[in-house]
Each structure stands twice: as structure tokens, then as C-alpha cells.
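Sequence lines set the chain letters: A, B, ... in the order given, protein chains first and strands last, and positions in each chain run from 1.
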Protein chains: 2
Amino acid sequence: MNDTSRRSGKIPTIRDVAELASVAPATVSNVLTGRRPVAEERRKRVLAAVAQLGYRPNHLAASLRRQETRTIGIVIPDLTNPFFAALVHRIEELAAESDYQILLMSSNEDVEQEAHRVQVMLARQTDGLIISPARDDISAFAHSAADLPPTVLVDRGFGLAGFDTIAADNFDAAKRGCQHLLDLGHVDIVLVVSDTSLANISDRIAGYRDALSEAGLAHKARVIVGGFTVDGCRGTIEQELRRADRPTAIFSAAYIATLGAIKAIRALDLEFPGNVSLLSFDDSDWMTALRPYVSAVAQPVDELAAESWRLLKQRLTGTGGELARVRLPCSLHVRESTRPPSTAQRKRRLEATT
Amino acid sequence: MNDTSRRSGKIPTIRDVAELASVAPATVSNVLTGRRPVAEERRKRVLAAVAQLGYRPNHLAASLRRQETRTIGIVIPDLTNPFFAALVHRIEELAAESDYQILLMSSNEDVEQEAHRVQVMLARQTDGLIISPARDDISAFAHSAADLPPTVLVDRGFGLAGFDTIAADNFDAAKRGCQHLLDLGHVDIVLVVSDTSLANISDRIAGYRDALSEAGLAHKARVIVGGFTVDGCRGTIEQELRRADRPTAIFSAAYIATLGAIKAIRALDLEFPGNVSLLSFDDSDWMTALRPYVSAVAQPVDELAAESWRLLKQRLTGTGGELARVRLPCSLHVRESTRPPSTAQRKRRLEATT
DNA sequence: ATGAAAGCGCTAACAG
DNA sequence: CTGTTAGCGCTTTCAT
């Protein structure tokens, strides 16, 4: 059918269509975009010409003219983290429904890469940005929100001036997680974090401390830092578990910390929850596969994605009101890796302390 | 410093810079792109003007003019699958090094969504495409390779005419996996697949059958189909495990099948490798966390990504030669979930068969 | 309802 | 080495 175009070799433009249909280029545009009405007869001629030539509108040219690309940029720290993968997946899905596309970049938790990537996004005229900043700070890539197109900060950078920001309620989630362990009778609970400089993490630390305080156990708080790698976390946790007064429960405050914790426990030939209870911040499909099922605090990924997109789209269409700050609740899934401390555990602690 | 631009309200263009620096727009372009030399003094004036105005080149306009977007489109079936997430992550990283950006879309294993997304990519003038097709067939989105910009097919659609194609050596990997189980002494090995219509999967089935044949056990081949969901796979596998003559080993030929298999085994209160050995096609970080560590065939994700990008870039720069068909070897990680059949297992089979 | 003309912001081609 | 000119392909005035 469109052999003609194929043979001609050149990609047809709107002018080619216009000539073939004996109408003005503007008319072709109006038929294809539906922005203005076109007489039925001419409409058909245009459509026929489009089909015959195999014409495809050049979105690039339209973007330049309209000053709108229908592209949004997403910058996240790490796509291999299932949390971010799921977040991006869902945002892409929603954006596509509104005919927006995604330009994706990973900062690899690196401020400089992040800065560079955001600059590229700006040069590319993305209509909006969804960013999960490497640090809770935009100074790496912009002076202020005014330097950027409509931008939503998700998961990190909560509350920064000038942005719609959205994140899980890390404080509350960590507090409830810790309370769960306290309810079970644990008193020596160590919190393992990746990096204390992120607000998310300090919120989790604060939630953990708050729960302890309310139980009158503020002095029992113990936070250890494992870094951004599984092996780093594992090493730190192994040290912790080697202490005579080792904790009876570990609360791993990040995905990699959970993997590190499990590996550390296994490396020392310990069992969980037998020798130590384990609670994970961040849930994953495998946590309900191998035994023991891992008790976990789950972030509402789909809702975070939906809300991010909703807010951004509002800004893009100018229907947004006040800047939003949204905290979404996490859910606690009590499974098998958390249980009351055994008498052996209690005894061990007692001996170590006296 | 660039308060001037801030106050003016309007985004500066190359002409504004040119005027301020008293040079021609083309000169500004030449300074910024480095495509042609510019006298040192004028250079400095231009750079100063750029800084003062806070000018950013509009990549869109440049793309339109140059007929090159430095954007590549990636279409994959599902970003929540760790394999694809890792693939995309790595490709993005490599592309960024060459100053290419990624337009990302998921087809959600759906041919129609895929078709639509590819059309969008084409309209957006992506310089190249990396696609992992929902079916091993491009007919959903193009008549032939000639309809598309330079395109690499990765993981799926291996060998399709007109494309550089690249995939793991699924046949060999499955064969070696099955041989490993045979070497252990297993004779009743069931293969669980998601969907037989994908070439990847039939290759794995063929590899499995081939290994059995070489061992003179062709008649023992048993392949069950669980579909694209974890629960579907689990259900199918549960049924299989309820049979009196249940297998002594399960080879799960896809990530979700592995999750399904583990859940099925647990649901029936069986143990692995005690009651049944388990070998996974596709590796994941958690498989070396919880016990027993899961023996797995690992696809060379990073190499697949690197090779995909290398091939695409060659095409983009016109340095590509013959169309390439690359098979990359998988690696077999023997861990704890596979072991020789116990005497109890042998006995059970014997009783069921007689 | 339609067409002509004027750009969106940039760069390649061509003079000088 | 530098400036001028002419578009890339589309959409939007502004007439008619």
C-alpha cells in the first residue's frame, strides 16, 4: 500500500501530504491533531494521503513549535533497587495513559552524575521532572525550584521549598516497626542503616528512637551504619553479632541492609528468629518465599508513583494549587522472622551484662 | 550572577547570547559545540555572555536541525523483572557515557501496548531502538526492519531478519543445568516454564530435552506450564508435587517460576533439597541470602547490556558491519538447593511406579 | 472552514 | 576565522 513512500526513500513530511491531498499543510495538521474542524471531504483526502505515503508526524518539530515535549524526566538513584524499579514502572504506565513519555536516568547515588543528568533533562526541554535526589538537597543541580520546570521530589528531598514533595512516612513506619519488636518483648534492638545523611534514614532512626523512648528505653538505642553495599552492611552486622552482648533483634532500615543482615546471621551460623529476630524496612517478593518469611515494613510504592504523577500532571496542566507535601503510610507485615526473645537469648544477654 | 536572565523572565536563546557577545549566532554554536574553531578572544566573550544570561542550548531545536536526537528508545516487557531492570540500568549507564539518552517504555508483555509504544518512539525520532519484544516477532509493530531506525533485539526475537540480535545461550544453559541434575543422580526432573510460545523458553525446553536424551532418558521429559504469574506457577507446581510419582528435582525455567516453585514446596510442607531439588533459571541477590542457597543458572545481564549497546552504537555511527547474532553463555552456580536424590526419594518413586 | 506566512531555536552551507 | 542565509517540520496567527 505505501510502496510509494517506501520507494521514494525520503521520509514524507506534512507538506508532502498536503500536496498530495491538495490542501494546505495547516489543514493536514488540523485533521491529525483535531484542534480545528475540517470539512469531511477534505478530511478523507488527507487521511488517504497520509495512508498512501505512510506519513508519521515528526513529534520533534511539533514540540519545538508548541514549546511542549510531552516528555517527563525521571532521575532516580538506582534502578537495580526494586523499589525504584517498581516506582519507575508504575509512573511510566500512568504517564503513557496521558500520552507522556519518560526520559530515564540513574544518578547512581552520585551527586555529580545527578547534576549532569538534570542539566541534560533541562536541555531536552522536558515538561516536568520527577526526581529522587541523591542527597536531600537540590543544590547539586539547581539554585532553587525556579531553575527547573515543574518538579516533584519523591522518596527523598521531602519538604524542600518550592517543590511538591512526596514520601513514605518513614518516621511512623520505623516507629511502628520498632514497637512491634518491643511488643514482642525485645529490649536490645539494633537498627542497621545504610547512610545517616539521608533524611529518610534519619526519620527512620528518629522513629526507632521515639518508640524506644516511649517504652522508657531511650538509653538502649543503638544505630549502626553499613553503607550502600550489601557486603558493607554484612560486615558491620557480623561485628555486632559477635559481641557478647549482641542484640536480640535487628531492624534493618533499608533493602541492602536486610540482605546484609541475613548474610551476616548465616555467616556466623546463627538462626533467625531463633538467635535473633529480624525486621526488614522494605518488602520484596522473595520475603514470602524462602523460610522463614521475613517480617517487613512495606512502602506504598504504587501509591507513591500514582501520587507523584498526579501532582506533576496537575502542575503541567496548571490545575495544581498549593505546593503539596504528601506522606503516605507504610504497612507492617508481621511474618516469621520476628518472635519474642527466647529464654536462651535473655540469659545470654544477662550474662554478658553482668 | 545571572540575575539578569532571571529578571528578564524569558529563556535566553542563542541569538540573545550572540547579541550580548556581539557575534553571530553561528559563532556561539561553534563555541559551544566545538565543531569549528573560534578565535580565543571571541570565545571568551561568548562564554561570558552564556554565563551572564544563564543560557542553555535547546537540544530540541538542535535535534530538529541536525536530524539526530541522541535518544534511543528501549522497550522491554516488564521493568519489575530484575533481569530487565538490570539490563536497562546498564544500558542507560553506557549510553550516557556516549551522551545518548534513554526513552523508556514497558510493553507489559502486551503486543498492542508494544505496538503503540514503538510508534511513539518512531514519531519521536529516536536514533535507535533496543527492544525485547513481547513475542519473538516484530509483526506487531513493523512490517520489516526497514520500517525502523537501527534496532537491536535483545533477549527475545533472536535471529529475526534484518536486526542485530543478541541473547543468552538458553539452550546450552538449560542443557548444562539439566546435566547438573542428572550428574547428581536425578532421573525424574520436571521443567517448569512460564509460557511455551517464547523462543527463549522453547530453547530452554530443548536444552533440557537434549540433556535427557543424551542420558538415554528422553522418555522422562516432563514440562509443565505455569504462566506469567507467580501464583499461576505455584498452583501448577503444587499439583505436580501432589502426585504420587512426583519428581525428585524441579528445574524452574524463569524467575517467576522459581518463586512459584519455592512457594509451592513450602505450601505442601516439603523441604528442598530434602524432598525435592530445585534449580533456578535466573539468578538473584536473595538466592545467596536465605538458606538453602538456591542453585541457579545466571544470565550474563551486564554483558547482554554491553553488547546491545555496542552493536547499536556501531549502527548509529555507521561502523557496523554484517548484522550480528550474538549468543552469550550463562553461568551455572551450584549452591545448596540441588543435591543427589535421597534414598527416601528413590524409594517413594519406586513405590509410586510399581 | 481554509490558506499564506511567520516563526519555534538551532546549525549547515556558503560566502567572504 | 566569521557572518549571512536558509531551512529542519511543524503549528499558529491572521487574513480571507
Side-chain angles (χ1 to χ4, degrees), chain A residues 5 8 10-47 49-50 53-71 99 120 122-127 149, chain B residues 5 8 10-47 49-50 53-71 99 120 122-127 149:
Chain A
S5 67
S8 81
K10 241 186 52 50
I11 294 166
T13 74
I14 201 169
R15 297 183 63 143
D16 299 324
V17 177
E19 273 174 33
L20 184 58
S22 316
V23 298
T27 302
V28 177
S29 174
N30 288 329
V31 169
L32 263 22
T33 64
R35 307 197 140 228
R36 292 198 332 191
V38 173
E40 190 53 25
E41 196 222 352
R42 306 166 82 64
R43 246 183 81 76
K44 281 186 185 157
R45 286 220 309 275
V46 168
L47 261 13
V50 166
L53 295 177
Y55 168 73
R56 301 180 176 309
N58 182 328
H59 184 89
L60 211 57
S63 291
L64 178 60
R65 179 62 236 239
R66 285 202 209 151
Q67 300 285 65
E68 176 202 54
T69 56
R70 291 196 89 83
T71 303
D99 209 28
V120 170
L122 294 182
R124 295 201 168 223
Q125 317 294 115
T126 49
D127 294 341
Chain B
S5 67
S8 81
K10 242 187 50 50
I11 295 165
T13 73
I14 201 170
R15 297 182 64 142
D16 300 323
V17 177
E19 273 174 34
L20 184 59
S22 316
V23 298
T27 302
V28 177
S29 174
N30 288 328
V31 169
L32 263 22
T33 64
R35 307 196 139 227
R36 294 200 328 192
V38 173
E40 190 53 24
E41 197 222 352
R42 306 167 80 66
R43 245 182 83 75
K44 281 186 184 157
R45 284 220 311 276
V46 168
L47 261 11
V50 165
L53 295 176
Y55 167 73
R56 298 181 178 311
N58 183 328
H59 183 89
L60 212 55
S63 291
L64 179 61
R65 179 63 237 237
R66 285 202 212 155
Q67 301 285 63
E68 176 203 55
T69 56
R70 292 196 89 83
T71 302
D99 209 28
V120 171
L122 294 183
R124 295 200 167 224
Q125 318 294 117
T126 49
D127 294 341

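Considering only side-chain N and O atoms, Arg42(A) lies under 4.0 angstrom from the phosphate OP1 or OP2 of dT2(C). The side chain of Thr13(A) places no N or O atom within less than 4.0 Å of a non-bridging phosphate oxygen (OP1 or OP2) of dG9(D). The side chain of Thr27(B) contributes no N or O atom lying less than 4.0 Å from OP1 or OP2 of dC1(D).
Of the charged side-chain nitrogens involved, at least one lies within less than 4.0 Å of a carboxylate oxygen, so that Glu41(A) and Arg45(A) count as a salt-bridged pair.
Taking 4.5 Å as the limit, some side-chain heavy atom of Asp99(A) sits within range of a side-chain heavy atom of Arg70(A). When side chains are defined from C-beta on, Thr13(A) does not count as touching Asn58(A), because their heavy atoms never get closer than 4.5 Å. The shortest side-chain heavy-atom distance between Val38(B) and Val46(B) does not fall under the 4.5 Å cut-off.
Nearest-nucleotide positions on DNA chain C place Asn58(B) closer to the 5' end than the other of Asn58(B) and Arg36(B). Judged by closest nucleotide on DNA chain D, Ala39(B) is the one of Ala39(B) and Arg65(B) placed further toward the 5' end. Both Gln67(A) and Asn30(A) lie near DNA chain C, and the one whose nearest nucleotide falls closer to the 5' end is Asn30(A).
Rounded to whole Å, the distance from CZ on Arg56(B) to P on dG9(C) is 15 Å.
Ser63(A) comes within 4.0 angstrom of nothing in the nucleic acid, heavy atoms only. Contact annotation for Ala62(B): backbone-only contact, meaning every heavy-atom pair under 4.0 Å involves sugar-phosphate atoms and none involves a base.
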